[in-house]
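All values derive from a computational prediction rather than experimental measurement. Lettering of chains follows the sequences in order, A, B, ..., and the numbering in each one begins at 1.
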Amino acid sequence: MDYNRLAELLFPHITTTPADMEAKYPPRKLPEGAKVTRFAPSPTGFVHFGGLFPSTVAERLAHQSKGVFYLRIEDTDAKREVEGAAQGLIKTLATYGIHFDEGAVLDENGNIADKGDYGPYKQSMRGPIYQTYAKQLVREGKAYPCFTTEEELDELQQVNKKEAIKNTDWQAEAESRRAEMLARRSFTLEDVEENLRAGNPFVLRILANGDPEKKTKFTDLVRGALEIPENDEDFVLLKSDGIPTYHFAHAVDDHLMGTTHVIRGEEWLPSLAKHIQLFSYLGFKLPKYMHISQIMRLDENGNKKKLSKRDMGANMDDYTGMGYSPEAVCEYVMTLLNSNYEEWHAKNADKPYTEFPFNIKKMSVSGCLFDFNKLGDVSKNIISRMSADTVYEKLTAWASVFDPDFAAQLTADPAYTKQILAIGRGGKKPRKDLTTWVDAKPYMGFFFDPYYEIVDGYPQGFENADVVAALERFLATYNAADTMNEWFDKVKAIATELGYAADMKAYKANPADFRGSVADISAFIRVAVTGKQNAPDLYTVMQIIGEERTRARIEAQINNLK
RNA sequence: GGCCCGGUGGUCAAGCGGCUAAGACACCGCCCUUUCACGGCGGUAACACGGGUUCGAUUCCCGUCCGGGUCACCA
């Protein structure tokens with residue numbers, strides 16, 4: 001067969017050569033050891049937790065090595081593309097600290113633009129580049145056109161219909177596919193000319209020369225030594241619209257763009273054979289690969305499943321609404337990514353995670369379960385270390401979007417709100433009341449009159465009259481100017497007066513001797529003032545709320561209970 | 001079903017031929033405490049199984065089992 005002729009037939013409009021491309025996209029000039037990595041999402045939806053993973057690794061590796069981290073939009077499947085998804089991706093990634101040096105960026109109008117010398121960074125704009133290499137492969141007899149239509153193929157591939165998967169005769173399936181593939185390979189130039197004249201679309205397939213019985217040794221940076229069977233499948237390089245498949249685009253782009261480390265999910269491992277073959281056909285140097293294990297969730301049968309779009313916690317845009325700050329999520333990701341992160345963080349509590357020396361060798365090979373408990377713990381610690389001012393800013397920013405009514409309360413008197421937020425904050429052992437911003441309202445809502453309500457009720461085992469008696473005495477002696485000790489002494493005096501134990505030890509020794517304890521008296525007052533049985537230090541709370549409102553709340557309760 | 005990857009407590013995980021098998025989260029108990037939140041102390045709980053190799057296997061090899069991934073003109 002005259003392959004040059006075939007190439008001209010197939011790609012008459014392509015006049016560029018691979019050499020032209022190499023000249024246009026020369027190797028990058030970077031210091032020794034600098035890594036070039038990328039994140040290459042397809043704009044089909046939101047950023048997935050499972051996508052934040054590899055992108056965090058890629059970002060860390062590039063920036064830690066003074067290399068380049070770029071964004072490439074893999075929009076080769078027009079059918080699945082979602083309007084505006086690429087823009088959303090960029091914004092979401094940015095909130096999680098994923099910033100790109102190069103590639104697709106948002107311009108001032110919010111549109112996707114290119115930044116850097118290796119573009120375009122949208123694959124749909126790179127048709128001629130791919131076709132240049134495609135033409136070359138045809139010339140070399142390494143790729144061929146296939147005029148079999150998608151519909152015809154579908155009939156052969158009932159295997160991929162999920163429902164049929166169990167009843168499939170795999171043996172027969174494989175054989176018929178193999179036969180089909182071999183049949184596709186035999187054609188004449190005349191066949192091609194005829195199809196072309198008839199306007200029939202074709203896909204370009206690789207002419208696979210591998211023997212799956214033969215394994216090639218391969219080293220993955222996270223998984224170590226691997227044995228990859230050679231590829232013998234004539235997979236598609238160019239779809240009938242002239243746009244490449246992932247495999248082909250991966251080879252051409254990562255070569256031309258100078259990617260040194262390909263970081264992607266482990267679902268790509270089975271395709272690795274194809275990529276090795278392609279790079280070899282194209283005469284490209286194979287980049288280093290890291291296949292990151294996936295994040296899992298538990299299904300109803302207790303089995304692990306890969307975290308998918310619909311799962312809780314999958315959509316990165318949801319975390320904000322759930323009240324998690326991006327720092328918390330990033331730190332949680334780090335704990336999963338590098339097992340020694342927590343140890344480092346314990347010693348460097350004040351440093352941002354970006355200073356952590358990220359190490360490929362510390363990455364886990366097996367997929368881990370998403371753990372909200374752990375995320376919560378990380379988040380709680382982060383919030384506890386913030387200053388009252390910082391919490392005020394973040395909380396009000398969050399509330400202004402997700403709970404405007406609450407935001408209005410919080411910002412009505414910033415000094416007041418900050419006083420509340422300062423309770424137990426600072427010092428070695430700060431309180432850890434807030435796991436997420438969502439917790440703030442139930443925790444501190446009672447400080448604001450509109451949210452004050454009796455939610456817990458008074459302690460069990462007491463009559464309303466008991467509560468009223470205690471509250472009335474308290475009101476009679478209450479002086480907002482008292483110190484904490486004076487204040488509590490008065491509470492104790494009330495306890496004694498009403499037959500409650502003022503001393504907890506004495507009460508615990510002989511509970512039957514008393515009506516209750518000073519703890520109960522405190523609880524009565526606490527519920528009256530805060531509406532809850534659990535709250536931060538009562539004296540402090542009353543100081544912040546102020547004498548007038550404290551009295552008003554207690555009086556209202558007395559009237560209510562009478 | 002073929003191929004590939006994996007298997008240490010409920011979860012995340014240290015471990016790299018010799019240890020009473022770390023630590024963190026979660027859970028439970030005790031202490032502190034007028035409640036809560038912290039903090040302190042302690043506890044329950046693991047090397048999937050069977051064969052090798054070896055003086056000795058969680059660690060190396062093989063098999064079994066289990067789990068995951070993948071088998072498109074999707075990425």
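A:Ala535 comes within 4.0 angstrom of a nucleotide base, judged by non-hydrogen atoms across all strands. Heavy atoms of A:Asp241 sit nowhere under 4.0 angstrom from any nucleic acid atom. A:Glu227 comes within 4.0 angstrom of the backbone, heavy atoms only, and of no base. Residue A:Val365 is classed as a sugar-phosphate contact, given heavy-atom separations below 4.0 Å to backbone atoms only. Here A:Ser384 lies out of heavy-atom contact (under 4.0 Å) with every strand. Here A:Ser339 lies in heavy-atom contact (under 4.0 Å) with sugar-phosphate atoms only. When heavy atoms are screened at a 4.0 angstrom cut-off, A:Gln533 is found touching base atoms of the nucleic acid.
You can call A:Phe488 stacked on the base of B:U34; the centres are under 5.5 Å apart and the planes sit within 30°.
Salt-bridge check for A:Asp254 with A:Arg38: passed, with a basic side-chain N closer than 4.0 Å to an acidic carboxylate O. Using a 4.0 Å cut-off between a side-chain N of Lys or Arg and a carboxylate O of Asp or Glu, A:Glu267 and A:Lys306 do not qualify as a salt bridge. With respect to the salt-bridge test (charged N to carboxylate O, under 4.0 angstrom), the residues A:Arg385 and A:Glu327 do not qualify. Between A:Arg184 and A:Glu180, at least one side-chain nitrogen of the basic residue sits less than 4.0 Å from a carboxylate oxygen of the acidic one, meeting the salt-bridge criterion.
Under the Watson-Crick or G-U wobble criterion, with both distances below 3.5 Å, B:U35 has no partner in any strand shown. B:C16 makes up no base pair with any nucleotide shown, lacking Watson-Crick or G-U wobble contacts both under 3.5 Å. In this entry B:G42 has B:C28 as its Watson-Crick or G-U wobble partner, both defining distances falling under 3.5 Å. B:C60 is paired with B:G52 under the Watson-Crick or G-U wobble criterion, all donor-acceptor distances under 3.5 Å. As the counterpart of B:G67, B:C5 is assigned, both hydrogen-bonding distances of the Watson-Crick or G-U wobble pattern falling under 3.5 Å.
Residue A:Ser366 has no polar side-chain atom (N or O) positioned under 4.0 Å from OP1 or OP2 of B:G7. The shortest distance between the side-chain N/O atoms of A:Lys432 and the OP1/OP2 oxygens of B:G39 is below 4.0 Å. For the pair A:Lys492 and B:U34, the criterion of a side-chain N or O lying under 4.0 Å from OP1 or OP2 is not met. Residue A:Lys362 has no polar side-chain atom (N or O) positioned under 4.0 Å from OP1 or OP2 of B:C16. For B:C74, the OP1/OP2 oxygens have a side-chain nitrogen or oxygen of A:Lys239 closer than 4.0 Å. Under 4.0 angstrom from either OP1 or OP2 of B:C38 there lies at least one side-chain N or O belonging to A:Lys380. Between A:Thr76 and the phosphate of B:A75, there is a side-chain N or O to OP1/OP2 separation shorter than 4.0 Å. One finds no side-chain N or O of A:Lys274 lying less than 4.0 angstrom from the OP1 or OP2 phosphate oxygen of B:U70. The side chain of A:Arg177 places an N or O atom within less than 4.0 Å of a non-bridging phosphate oxygen (OP1 or OP2) of B:A72. At least one side-chain nitrogen or oxygen of A:Lys306 sits closer than 4.0 Å to the OP1 or OP2 atom of B:U70. Between B:A13 and A:Ser364, a contact under 4.0 Å exists linking OP1 or OP2 to a side-chain N or O.
The CG atom of A:Asp371 sits 15 Å away from the C1' atom of B:G23 (whole-angstrom rounding). Atom NZ of A:Lys508 and atom P of B:C30 are 11 Å apart (whole Å). Atom CD1 in A:Ile423 sits roughly 17 Å away from atom P in B:C36 (whole-Å rounding). Summarising the geometry, the separation between NZ on A:Lys429 and P on B:C32 is reported as 15 Å, rounded to the nearest angstrom. One atom, CD of A:Glu267, and another, P of B:G67, lie 21 Å apart when rounded to the nearest Å. Between the P atom of B:U11 and the CG atom of A:Leu375 lies a distance of 18 Å, rounded to the nearest Å. A:Arg223 has its CZ atom 15 Å from the C1' atom of B:C3, to the nearest Å. To the nearest angstrom, P of B:U70 lies 14 Å from NE2 of A:His275.
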A:Gln277 vs A:Asn209, side-chain hydrogen bond (donor to acceptor under 3.5 Å, both in side chains): CA-CA, chis, key distance, verdict: CA-CA 9 Å; A:Gln277 183 175 55; A:Asn209 65 348; 2.9 Å; yes

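Remark: the A:Thr245 side chain and the B:C73 base include no donor-acceptor N/O pair separated by less than 3.5 Å. Taking 3.5 Å as the limit, the base of B:C73 and the side chain of A:Arg205 contain no donor-acceptor pair of atoms between them.
In this pair, A:Tyr500 and A:Phe462 present their aromatic rings parallel. The plane angle is below 30°, not in the 30 to 60° band.
Along RNA chain B, the nucleotide nearest A:Leu298 and the nucleotide nearest A:Leu226 are compared for position; the residue whose nucleotide lies closer to the 5' end is A:Leu226. Comparing A:Thr335 and A:Ser522, the nucleotide of RNA chain B nearest to each residue sits closer to the 5' end for A:Thr335.
Between A:His250 and A:Tyr289, the ring center distance clears the sub-6.0 Å criterion. Aromatic ring centres of A:Tyr353 and A:Tyr332 lie farther apart than the 6.0 Å criterion allows.
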